[in-house]
Amino acid sequence: MVDIINVRNIGISAHIDSGKTTLTERILFYTKKIHKIEEVRGKSGVGATMDFMDLEREKGITIQSAATYCEWKNSVINIIDTPGHVDFTIEVERALRVLDGAILVLCAVSGVQSQSITVDRQMTRYHVPRIAFVNKMDRAGADPIRVMKQLRDKLAHNAHLIALPIGAEDKFEGVIDLVEMKAWYFDGDNGEKIRIEEIPANLLKEAKEYRHELIGATGDFDEEVMHLYLEDKDVAPELLKRAIRTATLSLKFTPVMMGSAYKNKGVQLLLDNIANYLPNPSEVQNEAHDQRNNEAKIVLESVPNKSFVGLAFKLEDGRFGQLTYMRIYQGKVSKGDWIINSVNEKKVKIPRLVRMHADEMNDIESASAGDIVAMFGVECASGDTFTDGTIRYTMTSMFVPNAVISLAVSPKDKGATANFSKALNRFSKEDPTFRVHRDEESAQTIISGMGELHLEIYIERMKREYACEVIAGKPQVAFRETITQKTDFVWQHKKQTGGSGQYAKIAGYFEPLPVDAVETYEFVDEVVGGKIPREFIPSCDKGFQEQLKKGLLIGFPVVGVRAVVDDGAYHDVDSSDLAFRICAMTAVREFYNACKPVVLEPIMRLQTQAPEEFQGAVVGQINQRRGVIAGTSTSNKYVQVDAEVPLSEMFGYSTDLRSSTQGKGEFQMEFLKYAPVPRNVQDLMVKQYQEKRAAENK
C-alpha cells in the first residue's frame with residue numbers, strides 16, 4: 001500500500017491544441033506505463049493512449065476525460081487528461097471537482113487563450129493549486145517570458161519561473177532548474193536519457209536574476225526564506241522547495257515551467273515538481289454535509305480507518321455495464337463490500353473494482369482515501385455520494401453550466417426507435433450538460449448541449465454505437481398568438497338533420513388580459529335571467545379553450561384572452577352540451593380577426609462576454625439578430641453585453657460568436673418574456689403558414 005503522502009491526483013487542462021494529450025503520453029512513457037510513444041495525429045493511425053475513442057482519433061481532439069495512473073520515483077500519480085474544447089467543458093468541471101492539483105498547459109506561442117481563461121476559472125472554483133507548463137518551446141515564436149507575463153496580466157496570477165529555457169524554437173536544447181541551479185538536457189531518441197550539467201556561462205547571469213526574483217516572491221510565504229532574501233544570502237534548494245510548495249498550496253502562487261512534450265524535453269523535471277509542489281490528498285480540505293444533522297459541514301479526513309465516503313463523478317456505459325468513476329475521500333472500500341447511495345439510500349454491492357488506464361482496466365482488491373477508482377454494477381447518477389451506511393454524508397456536486405444550443409432530432413429509420421431512446425437515456429445520464437426533452441406542441445424530441453460540436457458528436461455516436469442514423473433540424477420556436485382589441489360577438493349555431501337538431505346562441509365579448517396577468521386565459525360568466533341554462537355554461541368555456549389551442553394566424557396557441565358571455569338563447573329540445581361547445585368554437589373563429597391578433601415570440605435575456613477588442617463585433621451581431629442592447633460593462637479587459645434577443649434569431653449564434661472573437665466569446669441565455677414580432681416578420685410567417693395549410697389540403 002502506498003503512503004498517502006506520496007499520492008498525487010492531478011488533472012491536465014488547457015486551451016484546445018496546447019498539447020495536453022501529447023504531454024500525458026510522454027508522462028506515461030517516462031513512468032514506463034507505456035513502451036512506445038504514439039502521437040495525437042500520428043501516421044500509425046493508432047493515436048495517443050488517452051484518446052481511445054475512434055472519434056477522438058479521427059478528429060485529433062479529446063472529447064471525454066480519460067483517467068490513468070503511473071509511478072514516478074516514490075510517487076503514485078493519478079492523472080485525468082481533459083478536453084480543451086469549450087463544448088466539452090463538463091469533462092473539465094467533473095475532473096477538477098475530484099482532483100487535488102492541476103497542470104495548466106499553455107502554448108509558448110499563443111500564450112493565455114480563451115479556454116485557458118475558462119479552465120483557470122474552473123481551477124479557482126474548486127480551489128485547485130496548479131503548475132503552469134509552457135509547452136511547444138520548439139515552435140517558431142516561442143516566448144515563455146511573455147506567457148508568464150500574460151499569466152500575471154490576464155489571469156492575475158502571482159506567476160514566477162522555477163525553470164528557464166536553454167534556447168528556443170529550433171535551438172531549444174533543455175531547461176535550467178532554478179531551484180537546484182542545474183541545466184537539464186534530454187538525450188536519446190525519446191529524451192529518456194537525462195543529462196544534468198552546470199548552467200551554460202551565457203545564461204548564468206539571467207538564471208541568477210530569475211532565481212533571486214523567485215526567492216523574493218516565495219519569501220512572502222516562508223519567514224526563513226524572507227530573512228535570507230533581505231540579507232541577500234543564498235537559499236538552499238531544500239529550503240526554497242519548501243517555500244515554493246507552501247506558496248503553491250496557498251493558491252496565491254503559480255510556479256512556471258517550460259518544455260516541449262512533442263520534442264521530449266522538460267517532462268521529467270515536471271514529474272519531479274508534481275511530487276515536489278502539488279498536494280497529496282491529506283493536504284486538501286474536503287467538506288461534506290451531514291444529512292442527519294441539518295446538513296452541518298463536516299471536514300473529511302483522508303485516512304483509511306474512518307467511515308467510507310466516495311463521490312461518483314463520471315459514468316460510462318462500458319462493455320460490462322455501467323462503469324462508475326469514484327474518488328474516495330475517506331475510509332476504504334473493497335471488492336464485495338456493500339455501499340449506500342446517500343441520495344436515495346439504495347444499498348449496492350461492488351462486484352468489481354478497477355484502476356483505469358485509459359480504456360484498460362486493472363483489477364484491484366481494495367482502495368482507500370485519496371484513490372481514484374472505477375466500479376462496475378454501481379447504478380447511480382453523476383455527482384452522487386456513497387458511504388458505508390454508518391453515516392449519511394453528501395458532498396457538493398460539480399457545477400453544471402446551462403445548455404446553449406438545441407436541435408430537434410428523430411431516428412431516420414422508425415425501426416431504430418428503441419436504440420434511439422436507449423442512446424438518449426445513456427448520454428443524458430453520462431453527461432449532465434446533454435439534456436433531452438419532448439416538445440409537446442411540436443411533438444419533437446429536442447436535445448440541448450454546450451455547442452454545435454457537442455451535439456454533432458452525440459449524433460455521430462448514435463450512428464456508430466447504436467446503429468441509429470438521426471435526422472436533425474432546428475427546433476420549432478414556441479411562438480404564441482394573442483389579441484390586442486376588445487371585440488363584441490354574437491353567434492348562433494343552428495343545425496337541423498332530421499330528428500332532434502342542434503341549437504345554441506351566445507353573445508358577449510373578447511378582450512386582451514392585462515400584460516402582467518398570471519393566467520393566459522380567463523372565462524367570465526355574466527349571463528342573467530336563465531338565458532343560457534347553467535348546465536351549458538361550462539360547455540361555452542370548453543369550446544373557447546379548445547379553439548384557442550390553435551390560433552388562425554400561424555397555428556400556435558392563443559394566450560392573454562378574456563372571454564365574457566353575457567347573453568344567449570337556447571331551445572328546449574335542440575340545445576345540448578355539444579351545440580354550445582360548437583357555438584363557442586365558431587364564435588372564436590368568426591370574430592378572431594376583428595380582435596386584431598398578433599404573433600408573440602419568446603424573447604431571451606442574453607449575456608455575452610468577450611475581450612474588449614471584440615466589443616464592436618459582438619454588438620453588431622446582436623443588432624443583426626433583432627437584439628436590443630440593455631447595457632454594457634467592462635471588467636478585467638473583458639466586456640459584458642446584456643441584451644434582449646428573439647430566440648428564433650439565436651440559432652447558429654454560438655458558432656458566429658466564436659468565429660468573430662477568435663473563440664474567446666462566451667454567452668448565457670435564459671427566457672425573459674413573450675413580445676410581438678415585427679409586422680413584416682408576422683406577415684411573412686402568416687403567408688408561410690397559409691401556404692403550408694394549402695399544400696396539406698391538396
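Electrostatic pairing of Glu283 and Arg245 counts as a salt bridge here, judged by a charged N lying under 4.0 Å from a carboxylate O. We find that Glu71 and Lys32 are not joined by a salt bridge, their nearest charged nitrogen and carboxylate oxygen being 4.0 Å or further apart. Under 4.0 Å is where a charged nitrogen must lie from a carboxylate oxygen, and between Glu180 and Arg211 no such pair does. Salt-bridge formation is not detected for the pair Glu238/Arg242: no Lys NZ or Arg NE/NH1/NH2 atom is positioned less than 4.0 Å from an Asp or Glu carboxylate oxygen.
The one candidate from Tyr277, Trp184, Trp72 that meets the side-chain hydrogen bond (donor to acceptor under 3.5 Å, both in side chains) condition with Asp272 is Trp72.
The two residues Ser250 and Phe221 have their closest heavy-atom pair at OG-CE2, 3.3 Å. The minimum heavy-atom distance linking Gly219 with Val225 is given by the pair CA-CG1, 3.9 Å. Summarising the geometry of Gln150 relative to Ser110, their closest heavy-atom pair is OE1-O, 4.0 Å, with the distance given to 0.1 Å. The shortest non-hydrogen separation linking Tyr126 to Arg97 is CE2-CD, 3.7 Å. Taking all atoms of both residues into account, the shortest heavy-atom contact from Pro279 to Arg8 is O-CD, 3.4 Å.
Within 6.0 Å of CD in Glu197 there are more than 12 heavy atoms belonging to other residues, nucleotides or ligands.
With a 6.0 Å cutoff to the six-membered ring centre and a 45° limit on the axis angle, Lys265 does not count as a cation-pi contact of Phe186. Taking the centre and axis of the six-membered ring of Tyr69, the NZ or CZ atom of Arg355 falls inside the cone set by 45° and 6.0 Å. Annotation: cation-pi geometry satisfied between Arg327 and Tyr329 (NZ/CZ under 6.0 angstrom from ring centroid, within 45° of ring axis). A cation-pi geometry, defined here as NZ or CZ lying under 6.0 Å from the six-membered ring centre and within 45° of its normal, holds between Arg195 and Tyr185.
Ring geometry for His454 versus Tyr458: interplanar angle over 60°, hence perpendicular rather than tilted (30 to 60°).
Between Tyr229 and His212, the gap from one ring centroid to the other is short of 6.0 Å.
Sequence neighbours left out, not one pair with a member in residues 131-142 passes salt bridge (charged side-chain N to carboxylate O under 4.0 Å, His left out).
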